[in-house]
There are 2 protein chains.
Amino acid sequence: MSRGSLPQFDPGDRPAGERLPEATVSRLPVYLRVLAGMAERGVVTVSSDQLAAGAGVNSAKLRKDLSHLGSYGIRGVGYDVDYLIYQVSRALGLTQDWPVVIVGAGNLGRALANYGGFVTRGFRIAALLDSDPAIVGSRIGRVAVRHSDELEDLIVRHKVAIGVIATPGGAAQAVCDRLVAAGVTSILNFAPVVLNVAEGVDVRKVDLSIELQILAFHAQRRSAERNGPPSEDELRTVSEGAGLPSVPGGASRLSTAAAVPSAAEA
Amino acid sequence: MSRGSLPQFDPGDRPAGERLPEATVSRLPVYLRVLAGMAERGVVTVSSDQLAAGAGVNSAKLRKDLSHLGSYGIRGVGYDVDYLIYQVSRALGLTQDWPVVIVGAGNLGRALANYGGFVTRGFRIAALLDSDPAIVGSRIGRVAVRHSDELEDLIVRHKVAIGVIATPGGAAQAVCDRLVAAGVTSILNFAPVVLNVAEGVDVRKVDLSIELQILAFHAQRRSAERNGPPSEDELRTVSEGAGLPSVPGGASRLSTAAAVPSAAEA
DNA sequence: ACGCCTTTGTGAACCAATGCACAAAGTCGT
DNA sequence: ACGACTTTGTGCATTGGTTCACAAAGGCGT
């Protein structure tokens, strides 16, 4: 237990310099959600085993994650639910609330704005923007759709630090550039493009098709396993209905492979 | 270059036993998307540097990722775009197409069904389900909304292997159970709950509030850094407007901490 | 035909994350 | 008041992932 000199009343705090491992950060919100559910059901104390089960992780991992925040458990008992909620919230920066701007009020933007229950957990929709005059002015839940011309102004006035991009792919990079220029340094991107940003800007992406493709990979692997391990070289019979494209540069020329099925295009 | 005995014509294939690292799998879809964009713009050949830049990763990582699929580059030149698209697609299992069922036709389900461009890349919406009679029968894009009673039937008839859960949190676990019981082994969950599934079922989650919380953490860290490194113990002045809850079990009793601000609840 | 130049593929060193297993801490029943 | 029992927090070994840096491969110009 390597703790520096610390004041009496908060026995658990880590020295301020401590950096949370990225993997831990990405799990804390999950713990927080499970804890919130427990608090709602009146649970007062929880052991690492119970919480880990609820979050779907190994209990040793959970304890190590929490130990990075400080020493907030009680041996032989577990963790106080409310107190742990507070500590995790604090570690994540949720004790202040964050004004968020959502750009794009199409299907997805609307869905996000309506999340309500989610978005209000430490976050507040400062603005919902769109460029289509036909929907500017309408209301989605509690927020009015404003024109994207106001983007810079709204960001500055509401001190927005987090932007959500819910536009079509084509518009995403331009929107991103404007967000960054206006001072936003955290961006959550739902558009299916890789955003290019300057150093120091934090981008996370949420992408349906990527997730589906990862699932497809595992599904394929599982089904391949079931049908017996593909004995050394029946590889090219896996996909019917698509001629095997010729190998470029095999012994002949490059870019002969134009007639590829290209499963990845629209 | 450790390759076993292999037929002449496909010089790059890896021995069939090769397992792709998970991290690689999660990046392949990104490469695929960038490649598709290049193909569309008529690019024929791409170097690892260019592709890596487009995908926002280090080029060494990109090369190592691709090398797990096989040896499909040409030294001194790069990779043939179409051929690489084909190989990546094949590795991901996208040379067959995957019928997908989406459960929940609320805002989010509708947004997903309308993705069109995305979903059609190797995937096909076999069914869009909802339990609300008011919207059953309506059309979202090309697909009709059907009643969730038909779930089991549709899954079996269309050989659906991938399910997408876009219901409110409360319904998610029940839907998940039904999907699994009907034979679905890959699930993409948009509902804000941790799903409990049997061994062998693959669940991925997409969660707005988790992503936002991770962004908030980094935003907080950055801003804390700018305002000077918090000198050893000004920790408890970080959050105004929220009284520091008492420490449970400090020297007094457990669960005194009931009046916590609880930034994580509705 | 030959050598220069580009770019791949990978060995090896590093770093991050996981999981085991156990000592230390602290509760609770008697 | 004490000892048995529970549960935390963490040292350590291991696994997985990233990055560097370079030899081998192969095209291209002359």
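Every heavy atom of this structure was used, including side-chain atoms; hydrogens, water molecules and symmetry mates were not. Below, read A as the first sequence line, B as the second, and so on, with proteins coming before strands; counting in each chain starts at 1.
When distances run from any side-chain atom of A:Arg63 to the nucleotides C:dA21, C:dG9, C:dT18, the shortest one goes to C:dA21. You'll find that the side chain of A:Ile74 is closest to C:dT27, out of C:dC22, C:dT27, C:dG9. Of the candidate nucleotides C:dT18, D:dT18, C:dG9, C:dG9 has the atom lying nearest to any side-chain atom of B:Tyr79. Across C:dT27, D:dG17, D:dA21, the shortest atom-to-atom separation from the side chain of B:Glu22 is found for D:dG17. The B:Ser67 side chain lies nearest to C:dG9 when the options are D:dT18, C:dT27, C:dG9.
The shortest non-hydrogen separation linking A:Val25 to A:Leu20 is CG2-CB, 3.7 Å. In terms of heavy atoms, B:Tyr79 sits closest to B:Arg63 at OH-CG, 4.0 Å. Considering all non-hydrogen atoms of both residues, B:Leu94 and B:Leu32 come closest at CD1-CD2, 3.7 Å. Between A:Ala39 and A:Ile85 the shortest heavy-atom distance is CB-CD1, 3.8 Å.
As rounded to whole Å, 20 Å separates atom C1' of D:dT7 from atom NZ of A:Lys61. Distance B:Asp65 CG to C:dT10 C1': 13 Å, rounded to the nearest Å. Regarding B:His68, its NE2 atom lies at a distance of 10 Å from the C1' atom of C:dT10, rounded to whole Å. When the P atom of C:dT8 is taken as reference, atom CG of B:Asp49 falls 7 Å away, rounded to whole Å. The OH-P distance, from B:Tyr72 to C:dT10, rounds to 12 Å in whole Å. A:Arg19 has its CZ atom 14 Å from the P atom of C:dA17, to the nearest Å. C:dC20 atom C1' lies 16 Å from atom CG of A:Leu62, rounded to whole Å. Note: CG (B:Asp80) to C1' (C:dT7) measures 15 Å, nearest angstrom.
Over its length, the helix from C:dA1-D:dT30 to C:dT30-D:dA1 turns its helix axis by 10°, as judged from the five terminal pairs at each end, rounded to 10°.
The phosphate of D:dT18 (OP1 or OP2) has a side-chain N or O of B:Arg27 nearer than 4.0 angstrom. OP1 or OP2 of C:dT7 has not a single side-chain nitrogen or oxygen of B:Ser48 nearer than 4.0 Å. In terms of phosphate contacts, A:Asn58 brings a side-chain nitrogen or oxygen within less than 4.0 Å of OP1 or OP2 of C:dC20. For C:dT7, neither phosphate oxygen OP1 nor OP2 lies less than 4.0 angstrom from any side-chain nitrogen or oxygen of B:Ser47.
Sequence order on DNA chain C of the closest nucleotides to A:Ala23 and A:Ala60 puts A:Ala23 first from the 5' end.
One N or O on the side chain of A:Arg222 and one on the backbone of B:Thr185 form a donor-acceptor pair closer than 3.5 Å.
Scored by the side chain to side chain donor-acceptor pair (under 3.5 Å) test, B:Ser26 finds no partners at all (sequence neighbours excluded). For B:Asp177, the side chain to side chain donor-acceptor pair (under 3.5 Å) partners at least two apart in sequence or on another chain are B:Gln173.
A donor and an acceptor atom never sit less than 3.5 Å apart when one is taken from the side chain of B:Lys64 and the other from the base of C:dG9. With hydrogens and angles left out, the side chain of B:Arg75 and the base of C:dT8 share a donor-acceptor pair within 3.5 Å.
Considering CZ of A:Phe217 and OG1 of B:Thr24, their distance stands at 9.5 Å, rounded to 0.5 Å.
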